[in-house]
Amino acid sequence: MTTFDIELLVLLPILLPLSFAILMLFAWKNLQFQRIINVVAGSTGFIVAIILFSTIYVNGIQVVAIGGWKVPFGIVLVADNFSAIMILMSGLMGFAVAFYSIVTVDTANEQHFYYPLLQILLMGVNGAFLTGDMFNLYVWFEVMLISSFVLLALGGKQEQLEGAVKYVTLNLVSSMIFLSAVGILYGMTGTLNMADLAVKVKLVENQGLVTVVAMMFLVSFGIKSAVFPLFSWLPASYHTPPVAVSALFAGLLTKVGVYTMYRVFTLIFDINNEFIGTVILIIAGFTMVTGVLGAAAQNDFRRILSFHIVSQVGYMVMALGLMTAFSFAAGIFYIVYHIVTKTNLFFISGIVERIKGTYNLDTLGGLFKKYPSVSLLFLISAFTLSGIPPFAGFWAKFTVALAGFRIEQYLIVGVSLFVGLLTLYSMTKIWNYAFWQDEKQESEVEREFYKISINRKYLLYSPSIFMTVVILLLSFFAGSAFDFAVLTGEQLANPQYYINAVLGVR
Amino acid sequence: MTLLLAIVTGILFTAGFYLVLRRSLVKVIFGLMFLGHAANLLIFNIGRLTKGAPAFILEGNQTAVEPYAEPIPQALILTAIVIGFGVQAFAIVLFKKAYQMIGSDDINSLKSTDRIA
């Protein structure tokens with residue numbers, strides 16, 4: 001591949017969704033066309049992500065200076081191992097959700113620009129994963145947020161609007177804190193390029209102010225990734241939109257916050273700063289515990305899953321707070337496994353809702369007898385989420401705990417193991433109520449479900465089956481996946497690789 | 001002037017956070033706007049205030065001559081204002097819709113998504 005090809009390849013995850021979204025807007029009344037284009041967009045996005053991933057794997061970090069500006073002055077896009085993994089995950093999600101949306105999203109929502117918004121959302125997420133410029137990151141955040149606002153409120157039911165009010169308010173506050181922090185950082189160093197910042201922040205005389213800015217970033221990204229005590233918008237809103245949107249948000253959006261947290265705290269701020277590490281670990285502990293306790297109290301399929309996101313984000317943040325190369329590797333593996341598993345659980349909750357017409361556990365029941373295959377799909381994901389060997393979740397939790405043991409942080413490891421037990425409890429709860437208990441009565445919705453053609457049923461199941469296959473691959477080839485995560489962890493722990501790649505260009 | 005702007009920024013941040021914590025939806029919107037303005041003014045102030053100076057290199061010169069205005073913070077603010085405008089416009093419409101549907105602008109009445117169902 002020539003340099004031009006690679007530069008184009010790095011740009012494609014941003015350009016493709018944008019072009020497809022524009023294409024869809026030209027045919028905004030033709031839903032069938034939009035559905036097909038969306039599937040095409042999802043598939044090409046996935047393929048591009050795979051090619052990008054393998055290119056990065058072979059050729060190392062790739063840097064694109066937009067508009068040919070010399071490096072610290074213009075905007076750069078940087079694809080290192082971590083970015084490549086995240087782009088791959090977003091491609092995977094775009095692919096699965098494209099199929100899942102066809103059956104589960106109402107026509108009324110589709111008419112209100114559901115598909116273009118979905119593509120714009122993916123563009124924002126990919127941009128945030130690729131950019132190497134702080135202010136550009138803010139812009140991508142806003143692209144992502146504004147489309148997620150609309151997707152969340154799409155349909156305009158009361159609970160959606162209530163959830164959206166909280167989501168919008170907290171995320172806007174977070175953006176403003178982020179913007180202020182970027183401004184102060186610029187004032188101190190005179191640069192916005194992340195690699196350049198990494199060099200210059202260490203030369204700043206007033207290191208106390210640097211820590212203050214670091215904490216502003218922590219609060220801002222903390223709101224976006226839903227850590228304790230800033231998570232309240234997530235369980236208030238994630239269970240309200242169409243389930244395809246829920247699945248996409250659960251899989252990708254909070255992970256963008258976690259990704260930026262990893263990026264900023266490994267690259268820009270000193271990785272050996274004990275204060276930052278301790279603060280992150282304390283937050284992680286509380287996040288894990290509150291999330292899982294919240295889930296245990298709930299009685300609704302999607303609400304339990306929403307609270308679990310909070311709890312699981314705690315593990316990822318914990319891996320960051322341990323601040324070793326191995327813990328970063330564990331954290332990255334955790335992020336990957338969690339995106340796949342959580343999305344699949346939301347997919348299954350959508351299937352259950354489609355069959356029974358409700359998410360409420362009290363009125364569900366009898367699914368195991370009538371739909372053993374759906375139950376099996378749920379069981380695999382639930383086992384994975386609660387960390388039962390040999391599934392991927394076990395390896396993820398095991399490596400995170402191991403990373404903690406290696407640097408003798410026994411308290412946080414203890415908390416994480418205890419939380420794992422409680423996760424199992426709430427998964428058992430869903431299993432008992434929705435699948436295991438006897439069916440109360442056959443609902444009207446279920447009789448409607450019988451009439452759906454077999455092709456549409458397969459279309460409904462196939463994204464979940466696909467995700468389950470990915471989970472199984474991740475479980476049984478955890479070794480090779482983790483090897484790559486270790487490489488990525490090394491790259492994060494030694495920011496010099498990133499800095500050299502960016503500042504050495506041209 | 002720098003000191004004055006710093007004080008104004010501080011007041012805007014304070015007022016913004018205070019209003020966001022209020023129970024009325026309208027006040028929350030004003031709070032969000034104040035926070036946006038505060039962040040923009042902060043960047044503006046950090047980028048050094050120069051009165052009546054150009055932000056580009058004069059003809060015939062190789063480098064910028066003091067005093068010159070720094071262009072980057074201005075570009076940042078311009079972007080942030082545009083984005084902020086769009087987001088706030090959406091927020092106003094959303095809050096109005098929520099107000100119409102719930103029939104109250106008291107945030108404490110937005111509880112249906114938090115109750116254990």
Side-chain angles (χ1 to χ4, degrees), chain A residues 73 134-136 138-139 141-143 145-146 149-150 152-153 156-173 175-188 190-192 232-233 235-240 294 297-300 302-303 306 359-362, chain B residues 9 12-13 16-17 19-21 25 28-29 31-48 70 72-73 75-77 79-84 86-103 105 107 109-117:
Chain A
F73 304 112
M134 273 323 242
F135 191 77
N136 197 229
Y138 165 74
V139 175
F141 261 140
E142 295 302 303
V143 171
L145 282 181
I146 191 81
F149 291 164
V150 185
L152 192 67
K157 280 182 281 179
Q158 183 177 343
E159 47 165 18
Q160 279 182 299
L161 292 177
E162 287 186 17
V165 165
K166 293 162 195 169
Y167 181 85
V168 168
T169 309
L170 271 166
N171 273 296
L172 285 186
V173 171
S175 293
M176 289 314 143
I177 297 174
F178 179 46
L179 189 60
S180 312
V182 170
I184 298 173
L185 208 55
Y186 179 76
M188 284 194 295
T191 181
L192 289 167
S232 56
W233 57 270
S237 60
Y238 268 28
H239 61 92
T240 58
Q298 293 294 331
N299 213 4
D300 176 289
R302 275 205 288 179
R303 288 187 193 205
S306 301
Y359 292 104
N360 194 331
L361 290 183
D362 288 332
Chain B
T9 314
L12 278 176
F13 265 120
F17 276 114
L19 286 176
V20 165
L21 294 173
L25 281 176
V28 170
I29 290 211
L32 290 176
M33 286 175 180
F34 281 174
L35 285 179
H37 295 325
N40 290 340
L41 274 184
L42 178 78
I43 300 176
F44 186 56
N45 208 8
I46 274 173
R48 202 177 55 143
E70 208 186 329
I72 289 192
L76 300 187
I77 297 168
T79 318
I81 289 175
V82 174
I83 293 176
V87 174
Q88 280 160 13
F90 176 80
I92 292 172
V93 175
L94 175 76
F95 281 36
K96 177 168 176 273
K97 193 96 203 295
Y99 165 72
Q100 282 175 335
M101 190 159 261
I102 296 149
D105 86 330
I107 286 183
S109 56
L110 306 179
K111 273 186 194 153
S112 75
T113 58
D114 292 326
R115 232 174 266 132
I116 290 178

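Atoms considered below: every heavy atom in the structure, side chains included; atoms not considered: hydrogens, waters and symmetry mates. Each chain gets a letter, A, B and so on, in the order the sequences are listed, and its residues count up from 1.
Looking at B/Ser109, only its backbone comes within 4.5 Å of chain A, counting heavy atoms on both sides. When heavy atoms are compared at a cutoff of 4.5 Å, A/Lys157 approaches chain B solely by way of its backbone atoms N, CA, C and O. Residue contact with chain B, scored on non-hydrogen atoms closer than 4.5 Å, involves the backbone and the side chain of A/Val139 alike. Contact of A/Thr169 with chain B is made through backbone and side chain together, with heavy-atom distances under 4.5 Å. Looking at B/Leu25, only its side chain comes within 4.5 Å of chain A, counting heavy atoms on both sides. The parts of B/Leu35 that come within reach of chain A are both its backbone and its side chain, each placing non-hydrogen atoms under 4.5 angstrom from that chain. With a threshold of 4.5 angstrom between heavy atoms, A/Val150 approaches chain B through its backbone and through its side chain. Interface residue A/Leu179: backbone and side-chain heavy atoms are both found under 4.5 Å from chain B. Only the side chain of B/Glu70 comes within contact range of chain A, with at least one heavy atom under 4.5 Å from a heavy atom of that chain. Neither the backbone nor the side chain of A/Leu361 has a heavy atom closer than 4.5 Å to any heavy atom of chain B. Residue contact with chain B, scored on non-hydrogen atoms closer than 4.5 Å, involves the backbone and the side chain of A/Ala236 alike. At a 4.5 Å heavy-atom cutoff, B/Phe44 makes no contact with chain A through either its backbone or its side chain. Only the side chain of B/Val28 comes within less than 4.5 Å of a heavy atom of chain A; its backbone N, CA, C and O stay farther away.
Counting only heavy atoms from C-beta outward, the side chains of B/Leu76 and A/Tyr138 never approach each other to under 4.5 Å. A/Phe135 places a side-chain heavy atom less than 4.5 Å from the side chain of B/Thr79. Side-chain contact between B/Leu94 and A/Val168 is present, with at least one heavy-atom pair separated by less than 4.5 Å.
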side-chain contact (heavy atoms from CB on, under 4.5 Å) for B/Val20 and A/Leu172? Distances and angles first, verdict last.
CA-CA 11 Å; B/Val20 165; A/Leu172 285 186; over 6 Å; no
